[in-house]
Undergrad: 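Let me begin by handing over the structure; questions about it come next.
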Amino acid sequence: MSSNTLEAFLSPQLAELKEKGLYNEINSLQGSNEATIKIAGKNFINLSSNNYLGFATEPRLKKAAIDATEKYGVGAGAVRTINGTMDIHDELEKAIAKFKHTEAAIAFQSGFNCNMGAISAVMSKKDAILSDELNHASIIDGCRLSGAKIIRVKHQDMDDLREKAKEATTSGQYEKVMYIADGVFSMDGDVANIPEIVKIAEEFGLITYIDDAHGSGVMGAGAGTVKHFGLSDKIDFQIGTLSKAVGVVGGYVAGSQQLIDWLKVRARPFLFSTSLTPASAAACIEAIRIMSEEPEKIEKLWENGHYLKEGLSKLGFNIGNSETPITPCIIGDENLTQKFSARLYEEGVYAKSIVFPTVPLGTGRIRNMPTALHTKEMLDDVIAIYEKVGRELGVI
Ligand SMILES: *Cc1c(COP(=O)(O)O)cnc(C)c1O
């Protein structure tokens, strides 16, 4: 039983959310997160995971995790800086750096954690951060934690970036100015304009920070968006997650040796939160190996992305401007979007609706995440169900 003060706060808040239909009921999976999933005894075609390459259930990753558990145990036993660094963590960081074409890398327990630690290790209240307005929540929180002045930049608007970079760097108010953006924006699937960002950063002396959570394992033959543009040595911080395409859990920064040395003594989640489990580290190493050696998995992901996009677009759906396998289907009205998603669910397709405030008002959408595991037959079923629901609800 919580205190009366807490109850008085929680009860009306929860009631209001439920009344407005904004209370998110969580569906638990009865089994693994693959191309099909089971919820409450019913099977669905799954279009909501970030398990882009199917690595979450890849047998070779499972084996690596089991073997590492046998050798090292289930937990690392301490934070990295006391004695929770095992040789398998070092090996993982070397593998990441090699894969990302950087001098060094540091692994964190999650991508979220990584943004909490990395930004505030370098930026402080004497500094300013130029931040794309659609950046991920963990970037926003990481920026806030640093205490730096946060200057919002219009989404992917390079003129706005140039103008604000000029203003911030010539004002004399800040010691350092950083620009932060997602490499691939998760709601629209559009790709950061890395060449232009590099140009502007060089012009104004900006520190650059690209969070490539949705680009790693997807863009640049797996090595990410920065590599895709051949600019690996021009971006200071390359952030990635080990939780999406890599299929496990964790996050990392890849960059210069000096940057990584600094983060290892200053990034607070690295210093004060227990390291990745040995099983996770081992599975991630295996994932990176497979990504480098078997490009066909990434090719299949892109093929499926193109197939789904083409199918939905031919039916007359608005699929936005995605440049990656992320396939938004923009419905518009919030209520209609929710209804659409609920009808897909009834028909056996699990695809989440995303509405305001996650995306701008009036741009409610269903976000479809095809993976390398989906078969053509599954995608054909999805397209047929979209057609049925789309006509029924007057969207097409
Ligand atoms: C998903 C995501 C994260 C969080 O990564 P986790 O490893 O799941 O904590 C961070 N940044 C961006 C841009 C993301 O899309």
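The model shown is predicted, which means the values in this text are computed figures rather than measured ones. The residues of the chain are indexed from 1 along the displayed sequence. Scope of the values below: all heavy atoms of this structure, side chains included, with no hydrogens, waters or symmetry mates. We count ligands from 1, going down the list as the structure has it; atoms in each ligand are counted the same way.
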Undergrad: Can you tell me the protein heavy atom closest to atom 11 (N) of ligand 1 and the distance?
TA: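 In this structure, atom 11 (N) of ligand 1 has D211 OD2, 2.6 Å as its nearest protein heavy atom.
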Undergrad: Any chance the side chains of T371 and H374 put a donor and an acceptor closer than 3.5 Å?
TA: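 Yes, a side-chain donor-acceptor pair sits under 3.5 Å.
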Undergrad: We want to know whether E103 and S256 form a side-chain donor-acceptor pair, criterion being a heavy-atom distance below 3.5 angstrom.
TA: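 Absent: no donor and acceptor within the cut-off.
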Undergrad: Could an N or O of ligand 1 be found under 3.5 Å from any N or O of A213, whether backbone or side chain?
TA: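 Looking only at distances, the answer is no, because the N/O contact criterion of under 3.5 Å is not met.
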Undergrad: Side chain or backbone, does D182 bring an N or O within less than 3.5 Å of an N or O on ligand 1?
TA: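 No, no N or O pair falls under 3.5 Å.
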Undergrad: Atom 7 (O) of ligand 1: which of S243, G251, G142 has the nearest heavy atom?
TA: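 That would be S243.
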Undergrad: Only heavy atoms of H214, strictly under 4.0 Å: list the atoms of ligand 1 that pass.
TA: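 Near H214, the atoms of ligand 1 are 15 (O).
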Undergrad: Quick check: closest heavy atoms across L61 and F55, and the distance to 0.1 Å?
TA: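 That closest heavy-atom pairing would be CD2-O, 3.4 Å.
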Undergrad: I need the nearest protein heavy-atom contact for atom 5 (O) of ligand 1: residue, atom name and distance, please.
TA: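 Ranking protein heavy atoms by distance from atom 5 (O) of ligand 1, first comes G111 CA, 3.5 Å.
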Undergrad: Under 6.0 Å between ring centres, would you say that holds for H155 and F185?
TA: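 Judged by ring-centre distance (under 6.0 Å), H155 and F185 do meet the cut-off.
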Undergrad: Around atom 9 (O) of ligand 1, find the nearest protein heavy atom and jot down its residue, atom name and distance.
TA: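 Answer, as residue, atom name and distance: F112 N, 2.9 Å.
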Undergrad: My understanding is that only one of R365, Q156, R367 makes a side-chain hydrogen bond (donor to acceptor under 3.5 Å, both in side chains) with D188; could you say which?
TA: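 Going through R365, Q156, R367 one by one, the side-chain hydrogen bond (donor to acceptor under 3.5 Å, both in side chains) with D188 is satisfied by R365 alone.
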Undergrad: Parallel, tilted or perpendicular: which describes the rings of F340 and Y386, with under 30° parallel and over 60° perpendicular?
TA: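 Correct class here is tilted.
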Undergrad: What protein heavy atom sits nearest atom 1 (C) of ligand 1, and how far off is it?
TA: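 Answer for atom 1 (C) of ligand 1: K244 NZ, 1.5 Å.
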Undergrad: Just let me know how S186 lines up against ligand 1, side chain, backbone, both or neither, with a heavy-atom cut-off below 4.0 Å.
TA: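 It is neither; nothing of S186 touches ligand 1.
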Undergrad: How far is atom 10 (C) of ligand 1 from the closest protein heavy atom, and which atom is that?
TA: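 Sorting protein heavy atoms by distance from atom 10 (C) of ligand 1 puts S138 OG, 3.3 Å first.
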Undergrad: Is it possible for you to check whether K227 lies under 6.0 Å from the centre of the six-membered ring of F99, through NZ or CZ, and within 45° of that ring's axis?
TA: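 No cation-pi geometry.
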Undergrad: Hey, which of K98, K100, R80 is the one that makes salt bridge (Lys or Arg N to Asp or Glu O under 4.0 Å) with E93?
TA: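 So, applying the salt bridge (Lys or Arg N to Asp or Glu O under 4.0 Å) to E93 and each of K98, K100, R80, only R80 qualifies.
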Undergrad: Considering both backbone and side-chain atoms of I139, is one of its nitrogen or oxygen atoms within less than 3.5 Å of a nitrogen or oxygen in ligand 1?
TA: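 No: no nitrogen or oxygen of I139 is under 3.5 Å from one in ligand 1.
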Undergrad: Take every heavy atom of G250, measure it against each atom of ligand 1, and state whether any distance is under 4.0 Å.
TA: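 G250 counts as a contact of ligand 1 under the 4.0 Å cut-off.
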